[in-house]
Amino acid sequence: MFRSHWVVNQFGGPHAMEWVREPLRPPFAQELRIKIQAAGVALGDVLRRAGKYPASLSLPYTPGYDAVGIVEEAGAEMEHFHPGQRVGIFFNGAGGYSTHAYAKADEVFPIPDGLDPLLAAAVILNYVSAYQMLHRLARATKGERILIHGASGGVGTALLELGKLAGLRMYGTASEVKHAVVTIYGAFPIDYRSQDFVNVLREQAPEGMDIVLDPIGGDNYRRSMQTLSAKGRFIGYGYTSILRAGEAEDWATAWKRLAEQQATENGNPISLYSITGMKQEQPDWFREDAAAVLDLLARGEIKPLVSRTLPLEDAIQAHEMLETSRAAGKIVLVNA
């Protein structure tokens, strides 16, 4: 028996990934061997592959934060799992782009019966991130005003859907061709290419934003902070501007400075969010929040926007689509 998986042997463009086939092995005592059904694709995968992510993974590695699959075999110390059981998997940035994966107990969690594995895979990274930023960090309350940058993306659409459920008044930046995606959730769209979001928000909401969620970084962070209300909270959760200019060290330096700063010049609190960091610090939160998100999915209260499903073998195409902003919502790789 064999497994195939994508491997990054050197940092670079999408073609730095190589499709590798190798024999399957039995799981170690504290592992599960899982046949992957669906795996999420994230911009974080692109940043890591390009070598532009602080503390990028050591080479070689298999990309992929999250996946859903079926347990094939349980190691000797994993008797509470059984073959045929469907589980979700959340890796620390590596492991999902594979026909089979090996996972430890703290990387897996149950998937409710009857859930479509494709939709389940679409919510693990994006919706748990969105849920934790809204409810663990921002402590959003009904009626608050929120600015969501990158609103048409995977995490952006998750924030819009969960924000709508929470009764928030939402504003979202996106390219004009994706404004329909933003307005579907009841948010006010702002074209980041032709409009100055700071000026637009001064006109639309002169009281300012109660919450700002920014995955872009650089000068966008500074300008986002200008839109905050007196009680506004800023949350940075990425640095996608690094794909256009700058070096990974710039991100790391800025991240460290903001972490030490903790507040804007006007005294508004600053939080920096990483799902892997929060999972490491608060593992119980991750399990609780993943269960809450999957319950919302099972009850039909959320429906992730999946822009494309591609065969696992087409991960290069998926990365190209993300890098050129051709996809709204989530891209999911499917293992036939």
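Note that these values count all heavy atoms, side chains included, but never hydrogens, waters or copies made by symmetry. All values reported here derive from a predicted model rather than from experimental measurement.
- The side-chain tip of R25 points at the ring of Y102 from less than 6.0 angstrom away and within 45° of straight on.
- Seen from the ring of F109, R287 does not count as a face-on cation partner, given the 6.0 Å and 45° thresholds.
- If you run side-chain contact (heavy atoms from CB on, under 4.5 Å) between M133 and each of I275, I148, I235, only I235 comes through.
- In the displayed structure, Q261 atom CD is contacted under 6.0 Å by more than 12 heavy atoms of other residues, nucleotides or ligands.
- In the model, R233 has no side-chain atom that pairs as donor or acceptor with a side-chain atom of S271 under 3.5 Å.
- Side-chain contact check for Y273 and Q132: at least one donor-acceptor pair (N or O, by modelled atom type) lies under 3.5 Å.
- Sparse packing is recorded around CD of E265, with 12 or fewer heavy atoms of other residues, nucleotides or ligands lying under 6.0 Å away.
- By the neighbour-count criterion of 12 heavy atoms within 6.0 Å, atom CZ of R139 is sparsely surrounded, having that number or fewer from other residues, nucleotides or ligands.
- Taking the side chain as every heavy atom from C-beta outward, L134 and L213 approach each other to under 4.5 Å.
- For the pair D214 (side chain) and G236 (backbone), a donor-acceptor distance under 3.5 Å is absent.
- Relative orientation of the Y239 and Y221 rings is perpendicular, given thresholds of 30° and 60° on the angle between their planes.
- The hydrophobic cluster containing L32 also includes I34, I36, V71, M78, F81, V87, I89, F91, V108, under a criterion of side-chain heavy atoms closer than 4.5 Å among ILVMFWY residues, counted directly or through chains of members.
- Side-chain contact check for N220 and Y192: no donor-acceptor pair (N or O, by modelled atom type) lies under 3.5 Å.
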